[in-house]
K.L.:
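Questions regarding the structure given below will be posed in turn.
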Protein chains: 2
Amino acid sequence: MSDGGLVVIGLDPGSRVTGYGIVRELSGKAELIDTGTVRTPVKKDMATRMGVIYRELDKLIAAHGPVEAAIENVFVSRNPSSALKLGQARGAAMAACAVRGLPVAEYEPSKVKKNLVGVGNAPKDQVAFMVAHCLGVKKPAWAEDASDALAVAICHLNERRMRKLTGV
Amino acid sequence: MSDGGLVVIGLDPGSRVTGYGIVRELSGKAELIDTGTVRTPVKKDMATRMGVIYRELDKLIAAHGPVEAAIENVFVSRNPSSALKLGQARGAAMAACAVRGLPVAEYEPSKVKKNLVGVGNAPKDQVAFMVAHCLGVKKPAWAEDASDALAVAICHLNERRMRKLTGV
């Protein structure tokens, strides 16, 4: 970690929309660096779309220099066809991080909710509210996928700090 | 296509083992350039493994210069958890091709079998036999995943030639 603080990227991959949130932690406070979504061209074939996810995340990592990544584990209660598509987007996103040397931490969705709100089954808007609160943003205009990505980034920073404090 | 013929790469992605087969077509004949498998470190986390798939395929593409890629569509009759894992490997592999500018053609497994053997439900060993026959290899020592990757590469070359002849 340099004097500029620790920068991490949170990801919420999807074959249509992939949310990302880049957050810096400095002196125990989280600060928003960049957030948004990568939208893939839905009329193009899947490989082209996976290339877009990879390239855009690669560019973001190069531009902002996060040193660690975090991603939500997914429930696989969906149907196999959706799981395959979601898996493809996750694979492209994970590869982008791994090729840049970023370790990727995975968190259960309930863990992220519990970390931010205090309960594992918190509704989405409460999570979004806490994301904005943690980052000191009053009226966030970001998309849901971006907010989810920020949530897992903040969860990762909190978990990381906790592990450091408890030495686990 | 240069004078050196058309080079394509066939892929059979999996989170543990990804088969690849690189084939050149010159004057209507298919010639083996390289084939094998990318094995991911099973004890490492999934993102690290996806990074291995991406990087190894990227290296192979750089070394042999295929200009098109082919991949089998998958049946999604498996359970969602397997579909997610398989999807991740496919996403990493597709991204590696797309970032290098290779279009990726997808073929149904039955299409590949029909193309090589003549029937859509041909057994695996018959497909493997035809792969070896097409490439003029007498006693192939390649792994099953490598053979499957070669099959889709050869199918792609055949389909491509057919489309050119029929102008479709």
Side-chain angles (χ1 to χ4, degrees), chain A residues 9-11 13-15 18 38 40-41 44-59 61 66 68-107 152 156, chain B residues 9-11 13-16 18 38 40-41 44-59 61 66 68-107 156:
Chain A
I9 182 169
L11 295 169
S15 58
T18 290
V38 174
T40 64
K44 293 281 175 73
D45 63 279
M46 198 48 83
T48 301
R49 294 163 69 186
M50 295 307 103
V52 169
I53 293 175
Y54 184 96
R55 255 193 309 255
E56 293 303 316
L57 295 183
D58 183 64
K59 269 191 238 169
I61 294 168
E68 294 180 11
I71 190 172
E72 256 192 24
N73 257 335
V74 285
F75 286 126
V76 283
S77 58
R78 315 174 165 229
N79 68 60
S81 168
S82 309
L84 185 81
K85 277 188 199 158
L86 177 61
Q88 289 175 172
R90 285 171 64 85
M94 284 171 158
C97 295
V99 168
R100 285 265 177 201
L102 275 62
V104 181
E106 295 192 55
Y107 295 98
V152 71
H156 179 60
Chain B
I9 182 168
L11 295 169
S15 59
R16 283 167 172 264
T18 290
V38 174
T40 63
K44 293 279 174 76
D45 63 280
M46 198 48 83
T48 300
R49 294 165 68 185
M50 296 307 105
V52 169
I53 293 176
Y54 184 96
R55 255 194 308 256
E56 292 303 315
L57 295 181
D58 183 64
K59 269 191 237 167
I61 294 168
E68 294 180 11
I71 190 171
E72 256 192 27
N73 257 334
V74 284
F75 287 125
V76 283
S77 59
R78 315 172 165 230
N79 68 60
S81 168
S82 310
L84 184 81
K85 275 187 200 159
L86 179 61
Q88 288 175 172
R90 285 172 64 84
M94 285 172 158
C97 294
V99 169
R100 284 264 176 201
L102 276 61
V104 182
E106 294 193 56
Y107 294 98
H156 179 61

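Just so it is clear, the structure is predicted and the values come from calculations on it, not from any experiment. Sequence lines set the chain letters: A, B, ... in the order given, protein chains first and strands last, and positions in each chain run from 1. What's counted below: heavy atoms across the whole structure, side chains too, no hydrogens, waters or symmetry copies.
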K.L.:
Between A/E72 and A/R90, is there a side-chain N and carboxylate O pair less than 4.0 Å apart?
P.N.:
no
K.L.:
Sort by residue number and list every residue of residues 93-100 of chain A having at least one heavy atom under 4.5 Å from chain B.
P.N.:
A/M94, A/A95, A/A98, A/V99
K.L.:
Does anything in residues 80-89 of chain A pair up under salt bridge (Lys or Arg N to Asp or Glu O under 4.0 Å), and if so which pairs, sequence neighbours excluded?
P.N.:
none
K.L.:
Which region of A/S81, side chain (C-beta onward) or backbone (N, CA, C, O), has a non-hydrogen atom less than 4.5 Å from a non-hydrogen atom of chain B, or is it both or neither?
P.N.:
both
K.L.:
Under the criterion side-chain contact (heavy atoms from CB on, under 4.5 Å), which of A/L102, A/V152, A/V104 is the partner of A/I9?
P.N.:
A/L102
K.L.:
Partners of B/K44 by side chain to side chain donor-acceptor pair (under 3.5 Å), sequence neighbours excluded?
P.N.:
none
K.L.:
Of all residues at least two apart in sequence or in a different chain, which pass the side chain to side chain donor-acceptor pair (under 3.5 Å) check with A/S15?
P.N.:
none
K.L.:
Any heavy-atom pair between the side chains of B/I71 and B/P13 that's under 4.5 Å?
P.N.:
yes
